[in-house]
Chemist: 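Take a look at this one; I'll ask things after.
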Amino acid sequence: AQSVTQLDSHVSVSEGTPVLLRCNYSSSYSPSLFWYVQHPNKGLQLLLKYTSAATLVKGINGFEAEFKKSETSFHLTKPSAHMSDAAEYFCVVSVFYSSASKIIFGSGTRLSIRP
Amino acid sequence: GEEVAQTPKHLVRGEGQKAKLYCAPIKGHSYVFWYQQVLKNEFKFLISFQNENVFDETGMPKERFSAKCLPNSPCSLEIQATKLEDSAVYFCASSQPGQVNYGYTFGSGTRLTVV
């Protein structure tokens, strides 16, 4: 079975400080993992993806994530938060096999940025 | 085009009326997924297509929901006799063949309000 757990429902950081959004996954197959961001009343935007190439993945807007198989984790980080980063972030695992396909969403982490 | 186009952006229907949502995937993407976001942090898988063929429909409420992806037409999701609990944002995503290496591009969603 496949699942995604986002460990924090809400993270609040000060502008200019580092951001850490945590994600753990469970998958019977080699997973593909993604982080998406959703600003209020907007659609989902792909931040970055891991697809069994480099374990450290760089994405847009200064975000990056590291795939750690031993810890089954794919945490999202950014060295310095900006006010525009305030949004909902979703960790997603992709499962694709012959008879079905699914994108499984984590429960989301709301990122707030304090001035 | 390089975006997944969903129309309309907003749709309001009286209970019992029909609702039809459209999704134009990115050209060359052969997989299409429909998701329902009821609560902010909950995405429910509905159905996926590989070209015009249903690939996985395990999430579809069969009684009132139907979907199609016909050649040279936008994909559609239709809800017959809408109910209040159908109020949600419906997202469409598309992906290239060999999708695990490419990720999913989401549309901006259709917000359905049933009154």
Side-chain angles (χ1 to χ4, degrees), chain A residues 2-11 21 23 27 29-54 57 59-60 65 67 74 87-111, chain B residues 2-10 21 23-24 26 29-51 53-60 88-113:
Chain A
Q2 282 65 232
S3 66
V4 180
T5 303
Q6 290 184 244
L7 297 160
D8 307 293
S9 59
H10 182 213
V11 170
L21 305 183
C23 172
S27 177
Y29 302 85
S30 295
S32 289
L33 296 158
F34 309 85
W35 276 97
Y36 285 86
V37 61
Q38 186 178 32
H39 288 91
N41 298 313
K42 300 285 187 185
L44 291 161
Q45 182 183 21
L46 179 65
L47 281 177
L48 49 77
K49 61 189 176 192
Y50 166 77
T51 55
S52 75
V57 182
I60 62 171
F67 174 73
F74 190 57
E88 193 82 24
Y89 290 79
F90 293 96
C91 183
V92 172
V93 65
S94 163
V95 180
F96 184 84
Y97 39 98
S98 59
S99 59
S101 65
K102 290 262 179 16
I103 315 167
I104 300 169
F105 285 81
S107 55
T109 298
R110 181 164 62 93
L111 177 62
Chain B
E2 289 301 310
E3 65 172 28
V4 176
Q6 287 191 249
T7 55
K9 291 198 182 306
H10 302 279
L21 290 62
C23 168
I26 291 173
H29 282 198
S30 53
Y31 288 93
V32 171
F33 301 79
W34 284 99
Y35 278 81
Q36 180 194 52
Q37 185 184 24
V38 178
L39 300 175
K40 191 176 66 170
N41 294 352
E42 190 177 309
F43 290 84
K44 182 189 173 196
F45 169 75
L46 294 175
I47 190 169
S48 61
F49 288 84
Q50 181 181 14
N51 297 311
N53 303 308
V54 174
F55 193 68
D56 181 352
E57 59 181 344
T58 52
M60 280 288 267
V89 180
Y90 291 81
F91 284 101
C92 172
S94 73
S95 181
Q96 291 177 301
Q99 63 175 347
V100 293
N101 293 322
Y102 291 97
Y104 308 84
T105 303
F106 282 85
S108 55
T110 293
R111 182 176 296 276
L112 173 65
T113 303

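Only a predicted model underlies this, so the values are computations on that prediction, with no experimental measurement involved.
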Chemist: How would you list, by chain and number, every residue that makes a salt bridge (Lys or Arg N to Asp or Glu O under 4.0 Å) with Glu57(B), sequence neighbours excluded?
Modeler: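 Counting only residues at least two positions away or on another chain, Glu57(B) forms no salt bridge (Lys or Arg N to Asp or Glu O under 4.0 Å).
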Chemist: Tyr35(B) side chain to Ile103(A) main-chain N or O, any donor-acceptor pair under 3.5 Å?
Modeler: yes
Chemist: Mind telling me whether Phe105(A) and Phe43(B) have parallel, tilted or perpendicular rings, with 30° and 60° as the class edges?
Modeler: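 The rings of Phe43(B) and Phe105(A) lie parallel, inter-plane angle below 30°.
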Chemist: Among Glu42(B), Gln6(B), Gln37(B), which residue forms the greatest number of heavy-atom pairs with chain A at distances under 4.5 Å?
Modeler: Gln37(B)
Chemist: State which residues pass ring pair (Phe, Tyr, Trp, His ring centres under 6.0 Å) with Tyr90(B); sequence neighbours excluded, sorted by chain then number.
Modeler: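 Per chain and number, Tyr90(B) pairs via ring pair (Phe, Tyr, Trp, His ring centres under 6.0 Å) with no residue.
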Chemist: Just do the side chain to side chain contact (heavy atoms under 4.5 Å, CB included) check on Phe106(B) and Gln38(A) with the steps written out, would you?
Modeler: CA-CA 11 Å; Phe106(B) 282 85; Gln38(A) 186 178 32; over 6 Å; no
